Amino acid sequence: MLEQHDTLVLERDKTDKMMNKIRSLFGQQVSQEVAEEMIESETEIDSKITDVSIMFLDIRDFTRFADSRDPAEVAKFQNIVFSELINIVRECQGIVSQILGDGIMAIFGAPVAIKDHLNNAVKAGYAMIQKIHELGESGKIPSIKVGIGLNTGTVMAGNVGNELRKFYSL
């Protein structure tokens with residue numbers, strides 16, 4: 001009986017570790033918030049109308065930058081920049097919906113509603129500009145310029161796609 005109990009405990013621990021790994025990996029692909037909602041929900045994420053602020057950030061002259069450098073150097077640059085930007089978005093209660101070659105799309109107010117999504121988005125934008133400046137001044141990245149666009153309004157938020165591939169979108 002004790003041996004059966006030990007086996008069950010080991011299997012439960014193994015299952016818990018596997019679920020944590022799935023949550024972590026899945027959260028890297030969509031965002032931790034979207035992953036949690038999808039995992040915890042008994043059904044699909046329902047599309048809903050909600051108020052959000054959306055941010056687009058674009059690295060200016062990225063094509064010229066990337067064309068003049070080794071691909072490994074470009075990837076290192078992107079990892080440094082996007083790592084910092086993702087952290088700022090999370091600190092301001094947003095999620096990074098997409099990472100593009102030269103920018104990001106971030107959402108403030110969905111899938112988890114927050115009252116102050118506009119102020120959080122503006123705060124994130126200023127923090128990003130400051131961080132980009134700091135990275136350039138410290139020599140961690142070449143000096144770059146970014147463009148940031150913000151829009152606030154009502155959107156339909158939820159899953160788009162089919163049974164083979166879906167993604168969270170506005």
Side-chain angles (χ1 to χ4, degrees), residues 23-41 44-69 73-161 165-170:
R23 276 189 164 94
S24 175
L25 292 172
F26 193 38
Q28 290 174 357
Q29 298 303 310
V30 291
S31 85
Q32 203 63 46
E33 294 80 3
V34 172
E36 287 295 328
E37 187 166 333
M38 292 175 88
I39 290 168
E40 299 298 327
S41 177
E44 288 200 29
I45 293 179
D46 291 329
S47 292
K48 57 186 170 190
I49 295 175
T50 187
D51 288 326
V52 300
S53 294
I54 303 168
M55 171 190 285
F56 288 95
L57 178 137
D58 173 69
I59 300 170
R60 301 294 190 212
D61 299 320
F62 181 76
T63 301
R64 188 173 340 138
F65 171 84
D67 284 347
S68 66
R69 289 172 169 74
E73 184 182 348
V74 174
K76 180 180 176 185
F77 165 83
Q78 288 172 306
N79 286 332
I80 291 169
V81 172
F82 292 143
S83 174
E84 296 291 345
L85 299 182
I86 291 166
N87 288 338
I88 290 168
V89 169
R90 285 190 60 89
E91 289 167 7
C92 294
Q93 296 180 299
I95 66 164
V96 173
S97 172
Q98 296 180 38
I99 299 175
L100 312 165
D102 65 346
I104 63 170
M105 175 184 170
I107 305 166
F108 300 83
V112 178
I114 55 173
K115 286 184 180 182
D116 214 11
H117 56 81
L118 176 57
N119 285 331
N120 288 20
V122 171
K123 180 180 170 184
Y126 279 119
M128 289 173 167
I129 292 169
Q130 180 61 38
K131 182 55 73 174
I132 294 290
H133 178 75
E134 289 172 10
L135 290 170
E137 288 287 314
S138 69
K140 291 181 181 175
I141 64 168
S143 180
I144 61 169
K145 293 183 180 180
V146 296
I148 297 176
L150 292 175
N151 195 351
T152 296
T154 303
V155 300
M156 176 69 77
N159 277 335
V160 175
R165 174 74 167 100
K166 293 183 182 180
F167 64 98
Y168 185 81
S169 185
L170 305 178

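Treat the numbers as computed from the prediction; the structure is a model and nothing was measured.
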Exercise. To the nearest 0.5 Å, how far apart are CE in M55 and CG in L85?
Worked result: 9.0 Å
Exercise. Does the distance from a Lys or Arg side-chain N to an Asp or Glu carboxylate O, for D61 and R64, drop under 4.0 Å?
Worked result: yes
For this session: Give the C-alpha distance, both sets of side-chain angles, the deciding distance and a yes or no for side-chain contact (heavy atoms from CB on, under 4.5 Å) between L150 and I54.
Result: CA-CA 6 Å; L150 292 175; I54 303 168; over 6 Å; no
Exercise. Does some side-chain heavy atom of M105 sit less than 4.5 Å from a side-chain heavy atom of L170?
Worked result: yes
Problem set entry | Beyond-backbone contact of Q78 with F62, side-chain heavy atoms, under 4.5 angstrom | yes
For this session: Look at K131 together with E134 and state whether they make a salt bridge at an N to O cut-off of under 4.0 Å.
Result: yes
Problem set entry | Steps toward side-chain contact (heavy atoms from CB on, under 4.5 Å) verdict (D102, T63) | CA-CA 8 Å; D102 65 346; T63 301; 5.7 Å; no
Seminar exercise, completed: CD1 of I141 to CZ of F65, rounded to nearest 0.5 Å, is 8.0 Å
For this session: Could you tell me whether the side chain of S83 and the main chain of I80 form a donor-acceptor pair under 3.5 Å?
Result: no
Exercise. NZ/K123 to CG/D116 distance, rounded to the nearest 0.5 angstrom?
Worked result: 9.5 Å
Seminar exercise, completed: Tightest non-hydrogen contact, residues A110 and V52, listed as CB-CG1, 3.6 Å
Exercise. With a 4.5 Å heavy-atom cut-off, do H117 and D51 have their side chains touching?
Worked result: yes
Problem set entry | Residue pair I104 / F82, side-chain heavy-atom distance below 4.5 Å | yes
Seminar exercise, completed: Output for pair (S143 OG, E137 CD), nearest 0.5 Å, gives 7.5 Å
Problem set entry | Nearest atoms (heavy-atom pairs only) where K48 meets P111 | NZ-O, 3.5 Å
Problem set entry | Between CE on residue M128 and CG on residue N87, distance to nearest 0.5 Å | 10.0 Å
Problem set entry | Derivation and outcome, side-chain contact (heavy atoms from CB on, under 4.5 Å), residues Q93 and F108 | CA-CA 7 Å; Q93 296 180 299; F108 300 83; 5.7 Å; no
Exercise. In this structure, which one of V81, L57, I59 forms a side chain to side chain contact (heavy atoms under 4.5 Å, CB included) with I132?
Worked result: V81
For this session: Measure the CG-OG distance between N120 and S53 for me, rounded to the nearest 0.5 Å.
Result: 8.5 Å
Problem set entry | Any side-chain heavy-atom pair of I144 and R60 under 4.5 Å | no
Problem set entry | Side chain to side chain, E84 and L135, heavy atoms closer than 4.5 Å | yes
For this session: Kindly indicate whether the side chain of I107, heavy atoms from C-beta on, has any atom under 4.5 Å from the side chain of V89.
Result: no
Exercise. Is there a side-chain contact between V155 and T50, using heavy atoms and a 4.5 Å cut-off?
Worked result: yes
